[in-house]
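Down below is the structure, laid out as structure tokens.
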Amino acid sequence: MTERRYPIGIQTFERIIRDGYLYIDKTDLVWQLAHYATFIFMSRPRRFGKSLLTSTLESYFKGEKQLFDGLKIMQLEKEWEPYPVFRLDLSSAKHMPTKQVIQELELILRPYESLYGSESVEMTPGMRLSDLIDRAFQQTGHQVVVIIDEYDAPLLDVIHDSQRLAEMREVMQEFYQRLKKQEAKIKFCFITGITRISQLNIFSTLNNLANVSLLPRFSAICGITETELHNQLLPDLEMLAESYDCNVERIKDMVKARYDGYHFSEKSEDIYNPYSVLSAFANQKISNYWFETGTPSFLVQMMQKFRFNVTEMDGIESTDYAINRPTEAMTTLVPLLYQSGYLTIKGYDRETEIYTLGIPNQEVRIGYSDGLLPTYVGLEGEVVQAGFARKFWMALKQDDVDLAMREMQAYLAGIPYVEGFKKKLAEAATVEGFYEYTLYLIFSMLNVYVRTQVKCAGGRTDMVVWMPDTTYVFELKAKGTAKDALMQISDKGYAIPYVTEGRKVVKVGVRFDIETRTVSDWEIESDNA
């Protein structure tokens with residue numbers, strides 16, 4: 001096979017086609033999107049191909065037919081009429097105060113003003129955009145196409161700060177509201193970003209703005225579907241399997257577990273993270289590429305603001321209204337977590353119209369745990385992962401629970417000297433709850449499936465951990481004894497739901513000592529009845 005060129009970090013459709021980079025043909029969906037409505041909004045997580053989508057739309061509306069030769073769109077489009085296109089990428093306006101954002105908007109518009117001209121008088125960014133639409137319409141005789149990529153970039157960093165958000169909103173509102181006034185001169189307007197932010201005129205005055213974020217027909221327009229992976233990218237899977245000395249079926253399972261699991265509608269095919277999949281192929285290594293830049297600061301700040309319980313991210317029930325709820329109108333963090341890609345649709349009940357949400361895959365589970373450990377428990381993820389966590393995991397994998405608990409005891413004994421850990425422990429509602437958080441994040445970081453406060457007929461189990469061959473049922477106590485904790489697991493039947501799963505079931509009662517802030521003792525009992 002000829003060596004592939006993977007477009008990692010390349011978001012321009014023209015360059016990908018001209019320079020022979022790998023391109024997964026979604027132009028049939030691009031054509032459908034272009035003919036769906038005049039004003040369209042779509043949200044997708046970061047690094048999911050939104051910018052490539054906007055670039056493809058730009059080339060299509062410019063009438064650059066030669067770039068689409070051999071692609072699906074050639075069976076659909078017959079006219080290829082060119083339109084003046086303004087593609088405005090606001091990603092450059094991140095991390096800026098309000099005055100600098102105004103200057104950045106002016107810089108973004110300047111190339112188009114060089115092309116179509118501009119008024120000499122002082123004007124706001126919104127007025128300049130409106131003037132550009134007028135001039136382009138008059139000079140070409142065609143309606144204008146406006147494509148706005150990462151529209152929410154200037155707002156995300158200040159979304160937790162009401163005063164700064166109000167200032168930024170005023171600037172962006174003035175910029176976006178001109179689109180409504182120029183509706184008659186606009187052929188197509190596409191707006192995309194990570195989140196849906198309310199109280200901007202872009203949503204309040206554009207009453208014909210179609211939000212297609214949850215529509216089944218467009219669920220696969222960004223990302224790599226499982227069908228595309230297994231068909232178009234089969235040679236790449238074969239190369240990756242060779243580097244791992246395994247067969248293709250095994251590598252399919254590994255790639256699926258790490259990068260799959262996204263669904264953007266109730267009927268969505270499995271969607272893989274495109275950035276991570278292509279990075280894995282390019283580097284011949286499966287790793288956590290989506291989190292190379294860490295957990296976004298705005299997300300951590302919002303988690304703290306809403307006091308979000310990170311141990312409850314699997315099995316969340318929600319409506320489509322709640323999922324699509326504007327960020328500023330949120331009463332829970334669920335909309336932001338879904339729109340940012342930390343939660344995805346796992347199921348849908350047509351009768352009740354309720355979505356079930358959960359963590360998409362291993363990469364997200366590992367990444368958010370690593371990013372949140374410092375925030376939630378005052379520990380650095382890399383330190384935990386390199387030290388205690390892997391030893392603890394290996395002991396459980398070897399079915400040596402006693403060794404695992406000794407590793408935990410030794411590790412936690414040193415933690416009180418870490419100031420961040422002491423502070424978080426003091427802030428916790430209960431000692432048991434704090435250690436639930438800590439262990440949940442550690443297990444998740446190691447890609448071990450773990451749930452806390454699991455409901456069953458007898459009550460709530462503190463923690464259930466699923467290893468390949470064994471299910472561990474933990475009960476944590478700060479008062480009483482480890483034997484009391486173990487008896488509670490048996491008396492309340494916490495382990496009963498797992499005895500039919502085909503794995504060994506191990507009950508573990510654990511007592512934490514409040515004074516020493518570590519494990520004081522534990523009791524273990526296997527139950528395969």
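As the structure is a computational prediction, the values presented were derived from the model and not from experiment.
- Paired with H142 under the rule side chain to side chain donor-acceptor pair (under 3.5 Å), one option of E81, K187, K185 passes, and it is E81.
- Judged by distance alone, the side chain of D152 and the main-chain N or O of I194 form a donor-acceptor pair under 3.5 Å.
- Salt-bridge formation is detected for the pair E183/K180: a Lys NZ or Arg NE/NH1/NH2 atom is positioned less than 4.0 Å from an Asp or Glu carboxylate oxygen.
- Between E363 and R258 there is no salt bridge, since no side-chain N of the basic residue sits under 4.0 Å from a carboxylate O of the acidic one.
- Remark: side-chain polar atoms of Q284 are paired, donor with acceptor, to backbone N or O of F281 under 3.5 angstrom.
- Heavy atoms only, all atoms of each residue included: I286 and A280 are closest at CA-CB, 4.4 Å.
- At distances below 3.5 Å, at least one donor-acceptor pair connects side-chain atoms of S279 with backbone N or O atoms of Y275.
- Listed by chain and number, the residues in a side chain to side chain donor-acceptor pair (under 3.5 Å) with E14 are R18 (sequence neighbours excluded).
- Residues in residues 219-233 take part in these salt bridge (charged side-chain N to carboxylate O under 4.0 Å, His left out) pairs, two or more places apart or across chains: K26-E228, E226-K256.
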- Query: Run the ring pair (Phe, Tyr, Trp, His ring centres under 6.0 Å) check on Y342 and W290 step by step: do they pass?
  - Reply: CA-CA 11 Å; Y342 289 80; W290 198 52; 5.4 Å; yes
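- Between R4 and D236 a salt bridge is recorded (basic side-chain N to carboxylate O distance below 4.0 Å).
- Using bins of under 30°, 30° to 60° and over 60° for the plane-to-plane angle, the ring pair Y355/Y348 lands in the tilted bin.
- In this structure, Y259 and Y289 have tilted ring planes: the angle between them lies in the 30° to 60° band.
- Within 6.0 Å of NZ in K78 there are more than 12 heavy atoms belonging to other residues, nucleotides or ligands.
- In this structure, the separation between CG on L33 and CE on M42 is 5.5 Å, given to the nearest 0.5 Å.
- In this structure, the side chain of T12 does not engage the main chain of R15 through any donor-acceptor pair within 3.5 Å.
- Because its NZ or CZ atom is both nearer than 6.0 Å to the ring centre of Y21 and within 45° of the ring axis, R5 counts as a cation-pi partner of that residue.
- In terms of heavy atoms, L229 sits closest to L237 at O-CD1, 3.6 Å.
- At a threshold of 4.5 Å between non-hydrogen side-chain atoms, the residues I224 and I271 do not count as touching.
- In this structure, R451 forms no cation-pi arrangement with W466, as its terminal cationic atom is not both closer than 6.0 Å to the ring centre and no more than 45° off the ring axis.
- In summary, the aromatic rings of F68 and F13 are positioned with their centroids under 6.0 Å apart.
- Formation of a donor-acceptor pair under 3.5 Å by the T27 side chain with backbone atoms of I73 is found in this model.
- By the 6.0 Å and 45° rule, R44 stacks over the aromatic ring of F264.
- With rounding to the nearest 0.5 Å, the separation of CG in N361 from OG in S276 is 8.0 Å.
- Checked against the 6.0 Å centroid threshold, F61 and F188 count as a close aromatic pair.
- With hydrogens and angles ignored, the 3.5 Å screen pairs a side-chain donor or acceptor of Y112 with a backbone N or O of R87.
- Between E150 and K94, at least one side-chain nitrogen of the basic residue sits less than 4.0 Å from a carboxylate oxygen of the acidic one, meeting the salt-bridge criterion.
- In this structure a side-chain-to-backbone donor-acceptor pair under 3.5 Å is present from S243 to L240.
- The pair E113-R110 fails the salt-bridge criterion, with no side-chain N (NZ, NE, NH1 or NH2) lying under 4.0 Å from an Asp/Glu carboxylate O.
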